[in-house]
Amino acid sequence: MFDKFVAWFHRMGSPKWFYEITGRWIPWFGAAAVIFLLVGTVWGLAFAPQDYQQGNSFRIIYIHVPAAILAQSIFFAMAIAGGIGLIWKMKVADMVARSCAPIGATMTFVALFTGAVWGKPTWGAWWVWDARLTSMLILLFLYFGVIALQSAFDSKQSAARASAILSLVGVVNIPIIKYSVEWWNTLHQPATFTLTEKPAMPVEMWLPLLVMVIGFYCFFATVLMMRTRNEILEREKRTQWVQGLLSKK
Amino acid sequence: MHFDSFADFINMGGHGLYVWLAYGLTATLLVINFVLPVMHKRQLQKEQARKLRREQQTQ
């Protein structure tokens, strides 16, 4: 079992193998993303019941929560990939980490923007300086920092190392985001989904939300693979197999 | 279906502006995130084609 994992890990480290296997995965993840996002959006917007207090503005939850979950998961993934690249000098891991940053920044921005638009009719304010919102804003700046570091070096290796270190340090912010609604007084409502308890909302409300979360994850996987493949094409462009691939079309 | 009519759906019980603004921006950003790597790959392919042509001319 462990041997198999090690073998898989080594193969993942080969850009050519990674390129080929993700080429086969992308259509499936892409199709799943489209289906889940379409079903979830129509369900959440038109069929889910409205909230008895918030009315229909509550429907923003179906993009706000998935984006916020993804913003944190992607940062975590970026730190792990960066760490693997740092320790084992695995080029593919560096490229995955690099590809995470712009998608994660987008998700963080979406979470902040939809939160502001939801906050206006619900709290009466676009923005409040409370712990949850502030720590999410810090997450956005961490993403910007990583993106800036990626292009601040001539050597791709130094860029990968610097951004990996910032990602690993920045991971401290993730538990702060998670527990911010418990540690400090806040307007923000507590977590919708937890692993240990049943959701506080009825099934008709949380099922479309779950569909959207899965859709967002599939979307992330698709774009992450597309971006990493481009990184591979760029960095391995002197190898024969990449030249053969690019000149085919 | 939660809403009685299409106009009702658009209006979102008076919260239409907020709901559609949030969904509109999210959809736009997701589409941009998908289109960027597609365009990048095309550009890489074009560069490679140009390089090949140059090499063939010099030979």
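Hydrogens, waters and symmetry mates are skipped; everything else that's a heavy atom, side chains included, is used. Protein chains get the first letters and strands the later ones, always in sequence-line order, with residue 1 at the start of each.
The closest side-chain heavy-atom distance from A:Leu45 to B:Trp20 is below 4.5 Å. By the 4.5 Å heavy-atom criterion applied to side chains, B:Val19 and A:Trp118 are not counted as neighbours. A heavy-atom distance below 4.5 Å is found between the side chains of A:Met107 and B:Leu30.
For a residue to count as touching a neighbouring chain, one of its non-hydrogen atoms must lie under 4.5 Å from one of that chain's; by this rule A:Phe58 does not touch chain B. Looking at B:Leu44, both its backbone and its side chain come within 4.5 Å of chain A, counting heavy atoms on both sides. Looking at B:Lys51, the atoms closer than 4.5 Å to chain A (heavy atoms on both sides) all sit in the side chain, from C-beta outward. The contact between A:Phe113 and chain B is made entirely by side chain atoms (from C-beta outward), counting heavy-atom distances below 4.5 Å. Of the two parts of B:His2, the backbone and the side chain both hold a non-hydrogen atom closer than 4.5 Å to a non-hydrogen atom of chain A. For B:Leu36, the part lying near chain A is the side chain, with the backbone staying farther off; criterion is any non-hydrogen pair under 4.5 Å. For B:Leu52, the part lying under 4.5 angstrom from a heavy atom of chain A is the side chain only. Looking at A:Ala67, there are no atoms closer than 4.5 Å to chain B (heavy atoms on both sides), in backbone or side chain.
With sequence neighbours excluded, the residues forming a side chain to side chain donor-acceptor pair (under 3.5 Å) with A:Ser73 are A:Tyr217, listed by chain and number. Listed by chain and residue number, A:Leu233, A:Glu236, A:Lys237, A:Thr239, A:Leu246 satisfy the side chain to side chain contact (heavy atoms under 4.5 Å, CB included) test with A:Val242 (two or more places apart in sequence, or in another chain).
Residues B:Asn33 and A:Pro102 share a closest heavy-atom pair of OD1-O, 4.3 Å.
Taking A:Gln54, A:Met226, A:Arg59 one by one and counting their heavy-atom pairs under 4.5 Å with chain B, the maximum is reached by A:Arg59. Between chain B and the residues A:Ile103, A:Leu37, A:Thr222, A:Asn230, the largest count of heavy-atom pairs under 4.5 Å involves A:Asn230.
Proximity to chain B at a heavy-atom threshold of 4.5 Å picks out A:Tyr19 from residues 14-35 of chain A, in numerical order. Along residues 5-14 of chain B, the residues that come nearer than 4.5 angstrom to chain A, judged on non-hydrogen atoms, are B:Phe9, B:Met12, B:Gly13 in order of number.
For B:Glu47, the CD atom sits in a packed shell: over 12 heavy atoms of surrounding residues, nucleotides or ligands are nearer than 6.0 Å. Applying the 6.0 Å contact sphere to CZ of B:Phe3 captures more than 12 heavy atoms from other residues, nucleotides or ligands.
The main-chain N or O of A:Thr41 is never found under 3.5 Å from a side-chain atom of B:Tyr23 such that the two would form a donor-acceptor pair.
Interatomic distance, A:Glu234 CD to B:Gln43 CD, rounded to the nearest 0.5 Å: 7.5 Å. Atom CD1 of A:Ile63 and atom OG1 of B:Thr26 lie 3.5 Å apart (nearest 0.5 Å).
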